[in-house]
Each structure stands twice: as structure tokens, then as C-alpha cells.
Amino acid sequence: MKMTTKFNALFALVALAVCAAATVGCKPGNPDGREDVKGTITLNGEPIGKYTGICSIQFDPVGDDKRAGGSGPILDGKYLLTGNDGVKPGKYIVKIYYQVSYDGNTGEIATTESGDLNQYLVNYLPPEFNDRSQIEFEVVKGKNVFDYNIETDFQPDTSAPEKKGKAAVAGE
């Protein structure tokens, strides 16, 4: 009888140790209380983020908790902020950035063959969709989908910036 009791106690101790080790190795679910936010962003009905450059979405909190927001890339019009990159519940100003890389030699949209040293970025959105945005969205517990179609007749200035410094003097 004593042998069975010792075996059961040892078995329980081993089982407890295995369970404790398993939980130590796992990531916590979401200790910061962030929610997933996903969606599709289009410009005059076309998905943004299909060209080389910078395309992102940012949720800036309305209020004091500046760590509550989140941001991430937009690829072919879609984005997903999840886990630690998610957004805490609350009200936000949404900022959408879309800058396309241009080849300084050709003045055309840059490709993978374009040299990195001679590229420049062109803003494809006016400031009212990013730096001066007033677009509001409230993140809640549960499912959060923020789809947005930017309607604008904004024409980006695709001309190469003036060269300054040594490049201008050397005539490059």
C-alpha cells in the first residue's frame, strides 16, 4: 500500500512538473489586451501597396495612452495587425501612407532592376489621409475590420527632387 501511495505522489509531482514546464515555454495569450484589426485599403477602387515603396496604416490613439495604437504594412491593399502588433480597444485616428519609389534615371516607377542609390519616394496620397488625417475608427473587443476606399483626384508630383550638395556641383 505504501508503495502505491509513493508512486501516486511521484506521478503527481512529475505530472505537475511537466505541466509547469509546458506553460513556461509558451507565450502568453495577449497580456496587453490588444485586438486584431484587419482590412482592405483602396485608392479610387484599386488596392494600394502594389508598387515598390512604403505603404502602411497607423492607428493613433485619441487620448493619453500613446502605447495603445498600432501600425503595419499594407500589401496589395490588405493589412493585418494581430497579437502584440494589434491595437488596444479605444478610439483612434487612422493614418494611411502610400509612397511609391521612382527611378531617378528614368522618372518611372522603380522596379527591382532600378538602382537603390538613385531612387526617390513620391507621395500618392494627400496629407488629409495621413499627417492631417481626421479619419476615426473605434477598436472594440472582438472582430475589428477597417476597410477604406480613398476617393481623391490628387495628382502626385512624380518629378525628381532637385539635387543638392556634391551631386549638383558634379553635374550628376
Shortest non-hydrogen separation from [X] to [Y] and the atoms involved:
| X | Y | result |
| --- | --- | --- |
| Phe59 | Phe137 | CE2-CD2, 3.8 Å |
| Phe154 | Thr152 | N-OG1, 3.0 Å |
| Gly53 | Ser101 | CA-OG, 3.5 Å |
| Lys38 | Leu80 | CB-CD1, 3.7 Å |

Please determine whether the number of non-hydrogen atoms from other residues, nucleotides or ligands lying under 6.0 Å from atom NZ of Lys88 exceeds 12.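 More than 12 within 6.0 Å, yes.
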
Are [X] and [Y] linked, directly or through other ILVMFWY residues, by side chains that come within less than 4.5 angstrom of each other?
| X | Y | value |
| --- | --- | --- |
| Tyr79 | Ile93 | no |
| Tyr51 | Ile48 | yes |
| Tyr97 | Val122 | no |

[atom1]/[X] to [atom2]/[Y] distance, rounded to the nearest 0.5 angstrom?
| X | Y | atom1 | atom2 | value |
| --- | --- | --- | --- | --- |
| Glu136 | Glu138 | CD | CD | 9.5 Å |
| Leu121 | Tyr98 | CG | OH | 12.0 Å |
| Lys95 | Ser56 | NZ | OG | 11.0 Å |

Using the test salt bridge (Lys or Arg N to Asp or Glu O under 4.0 Å), find all partners of Asp131 that sit at least two apart in sequence or belong to another chain. none

Looking at [options], which one forms a side-chain contact (heavy atoms from CB on, under 4.5 Å) with [X]?
| X | options | value |
| --- | --- | --- |
| Asn130 | Ile57, Leu125, Val94 | Leu125 |
| Tyr92 | Asp60, Val139, Val62 | Val139 |
| Cys55 | Ile41, Asp76, Ile74 | Ile74 |

Would Phe146 and Leu81 count as a side chain to side chain contact (heavy atoms under 4.5 Å, CB included) if you check the C-alpha gap in whole Å, the side-chain angles of each, and the deciding distance to 0.1 Å? CA-CA 11 Å; Phe146 178 77; Leu81 307 177; over 6 Å; no

N/O donor-acceptor pair under 3.5 Å between [X] side chain and [Y] backbone:
| X | Y | answer |
| --- | --- | --- |
| Asp32 | Arg34 | no |
| Glu35 | Gly142 | yes |
| Arg132 | Pro126 | no |
| Asp147 | Thr40 | yes |

Pairing donors with acceptors under 3.5 angstrom, does anything connect the side chains of [X] and [Y]?
| X | Y | answer |
| --- | --- | --- |
| Glu46 | Asn44 | no |
| Asn123 | Gln99 | yes |
| Asn149 | Glu151 | yes |

Are side-chain heavy atoms of Ile96 and Ile150 found at a separation under 4.5 Å?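 Heavy-atom side-chain distance check passes, below 4.5 Å.
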
Ile109 side chain reached by Asp103 side chain, heavy atoms, under 4.5 Å: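 Contact flag for Asp103/Ile109 side chains = no.
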
Residues that Asp85 engages under side-chain contact (heavy atoms from CB on, under 4.5 Å), provided they are two or more places apart: none

Apply side-chain hydrogen bond (donor to acceptor under 3.5 Å, both in side chains) to Asn105 and list each qualifying residue two or more places apart in sequence or on a separate chain.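 Asn118.
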
